[in-house]
Amino acid sequence: YLTDIPNIHHHLELIYMLKGSTLATVDNKDYLLEEGDLFLVFPHQIHFFKDQGLIERYIVIFSPDIFPELKEVFQYRIATAPVLKANQFQHKITHVKSRLRKILELCRSDEALDYVIVKGYIMALLGEMLPLMNLIPRQADHDRIKSILNYCSSNYVNSLTLDLIADDLHMNKYYISHIFKERMNMGIMEYVNSLRINHSLSMLKKGASITDVAFTCGFSS
């Protein structure tokens, strides 16, 4: 599920590093995740990952909708730094690991009661993590960059240009180009092509021909 292509979605991603290290980029800022670190991506934050060698980690992905009491926190705020280093919660490390193992174990169950228990474990983890994170209001351009990314993700298989994207989103193309470069550290068409290439790799692994892949994924030649 973790990808090296910048992406944005409605869910939260909670990661605990067991072994190795990963370079995580969130809203154009880099964070090195090492053994024992906890990491939390808030909804609609731009993020991607680059693993460094062999790693082991726990990953829990969940919707903020299951915690209505935290709706305003996840909707209007983000953490200044999404990573908690191991030394920040060393005294709680045993509880954190045991809860994550239990969450992953219960997620394989179809029992309704187990779902309630999983929610309780996640809520307990959030209760320990959020007070240690400095929460600040989201940037004013948050909704615009989200709209641009969602549009690209939904339309990259079609013929796209900056002018077309601007017209469909009713935004100034120079504004789109500027905000995208500032927040994503890449050009918008570079991002579109990265989506196409990722899709292409998936199709090639399934045995599709290069010609079929090219035209299916939005390449014109």
Side-chain angles (χ1 to χ4, degrees), residues 1-28 30-33 39-66 82 100-101 103-110 114-115 118 122 145-165 168-169 176 180-181 183-221:
Y1 191 91
L2 305 187
T3 173
D4 60 358
I5 296 177
N7 69 99
I8 187 170
H9 50 71
H10 179 62
H11 289 70
L12 291 98
E13 292 181 15
L14 173 61
I15 299 171
Y16 176 73
M17 296 296 296
L18 294 167
K19 292 182 181 179
S21 62
T22 295
L23 184 65
T25 301
V26 180
D27 290 338
N28 208 25
D30 293 335
Y31 305 91
L32 183 62
L33 309 185
F39 184 75
L40 183 66
V41 180
F42 276 48
H44 306 300
Q45 282 194 287
I46 304 162
H47 61 283
F48 60 95
F49 304 88
K50 291 183 179 179
D51 294 339
Q52 302 183 343
L54 297 175
I55 62 166
E56 291 182 27
R57 60 194 165 202
Y58 290 141
I59 305 171
V60 181
I61 300 169
F62 57 96
S63 170
D65 299 334
I66 64 176
L100 285 168
R101 281 196 296 266
I103 288 169
L104 295 172
E105 176 186 327
L106 292 173
C107 280
R108 302 187 185 98
S109 170
D110 294 325
D114 287 341
Y115 172 74
V118 166
I122 295 176
I145 194 68
K146 182 175 73 172
S147 296
I148 297 168
L149 285 169
N150 286 338
Y151 179 89
C152 291
S153 295
S154 300
N155 295 280
Y156 68 86
V157 297
N158 303 320
S159 178
L160 285 184
T161 64
L162 178 56
D163 286 329
L164 180 60
I165 295 170
D168 285 353
L169 293 177
I176 291 178
F180 203 90
K181 186 70 175 178
R183 294 290 302 278
M184 301 289 289
N185 201 30
M186 66 170 64
I188 188 166
M189 296 314 299
E190 182 183 355
Y191 174 70
V192 169
N193 281 332
S194 71
L195 294 174
R196 290 169 173 165
I197 290 170
N198 193 54
H199 190 177
S200 298
L201 291 172
S202 177
M203 290 187 66
L204 287 169
K205 288 178 181 178
K206 296 177 182 178
S209 71
I210 292 176
T211 301
D212 287 343
V213 168
F215 289 105
T216 300
C217 297
F219 292 107
S220 60
S221 67

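Being a predicted model, the structure only gives us computed values, none of them experimental. Keep in mind that the numbers below use all heavy atoms, side chains included, and drop hydrogens, waters and symmetry copies.
In this structure the side chain of F219 reaches within 4.5 angstrom of the side chain of S200, judged on heavy atoms. Between Y156 and Y151 the shortest side-chain heavy-atom distance does not fall below 4.5 Å. Contact annotation: the side chain of Y191 approaches that of L149 to within less than 4.5 Å [non-hydrogen atoms, C-beta and beyond]. Looking at heavy atoms from C-beta onward, I8 lies out of side-chain contact with F48 at the 4.5 angstrom threshold. In this structure the side chain of L169 reaches within 4.5 angstrom of the side chain of I148, judged on heavy atoms. Annotation: side chain of L201 is not in contact with side chain of M203 (no heavy-atom distance under 4.5 Å). Taking the side chain as every heavy atom from C-beta outward, L54 and K19 never approach each other to under 4.5 Å. Within the 4.5 Å cutoff, the side chain of F180 has no heavy atoms near those of the I165 side chain.
Taking each heavy atom of L23 and Q52 in turn, the nearest pair found is CB-NE2, 3.8 Å. Residues R196 and C217 approach most closely at CG-O, 2.8 Å, considering heavy atoms.
Taking 4.0 Å as the cut-off between side-chain N and carboxylate O, K50 and D30 do not count as a salt-bridged pair.
Defined by atom type and a distance below 3.5 Å, a donor-acceptor pair is present between the side-chain atoms of H10 and D65. If you check the side chains of S153 and N150, you find no donor sitting under 3.5 Å from an acceptor.
For an aromatic pair to be called close, the ring centres must be under 6.0 Å apart, and H44 with H9 fails this.
For the atom pair CG (N155) and CG (L164), the distance works out to 8.0 Å, reported to the nearest 0.5 Å. Rounded to the nearest 0.5 angstrom, L100 CG and I59 CD1 are separated by 11.0 Å. The CZ atom of R57 sits 14.5 Å away from the OH atom of Y16 when rounded to the nearest 0.5 Å. Separation of atoms CD (E13) and CZ (F62) is listed at 10.0 Å; rounding is to 0.5 Å. Atom CD1 of residue I210 and atom CG of residue L204 lie 6.5 Å apart, to the nearest 0.5 angstrom. Taking CG from L32 and OG1 from T22, the interatomic distance works out to 8.5 Å, rounded to the nearest 0.5 Å.
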**OP:** Evaluate side chain to side chain contact (heavy atoms under 4.5 Å, CB included) for S21 paired with L33, printing each intermediate quantity in order.
**Re:** CA-CA 5 Å; S21 62; L33 309 185; over 6 Å; no
Original post:
Given I46 and V26, is the side chain to side chain contact (heavy atoms under 4.5 Å, CB included) satisfied, shown in steps?
Top reply: CA-CA 6 Å; I46 304 162; V26 180; over 6 Å; no
**OP:** Evaluate side chain to side chain contact (heavy atoms under 4.5 Å, CB included) for L162 paired with I176, printing each intermediate quantity in order.
**Re:** CA-CA 8 Å; L162 178 56; I176 291 178; 3.9 Å; yes
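Listed for the T25 side chain is no donor-acceptor partner under 3.5 Å among the backbone atoms of N28. Remark: the backbone N or O of H47 is paired with a side-chain donor or acceptor of N7 at under 3.5 angstrom.
Among D4, I55, I15, I5, the single residue meeting the side chain to side chain contact (heavy atoms under 4.5 Å, CB included) criterion with F49 is I15.
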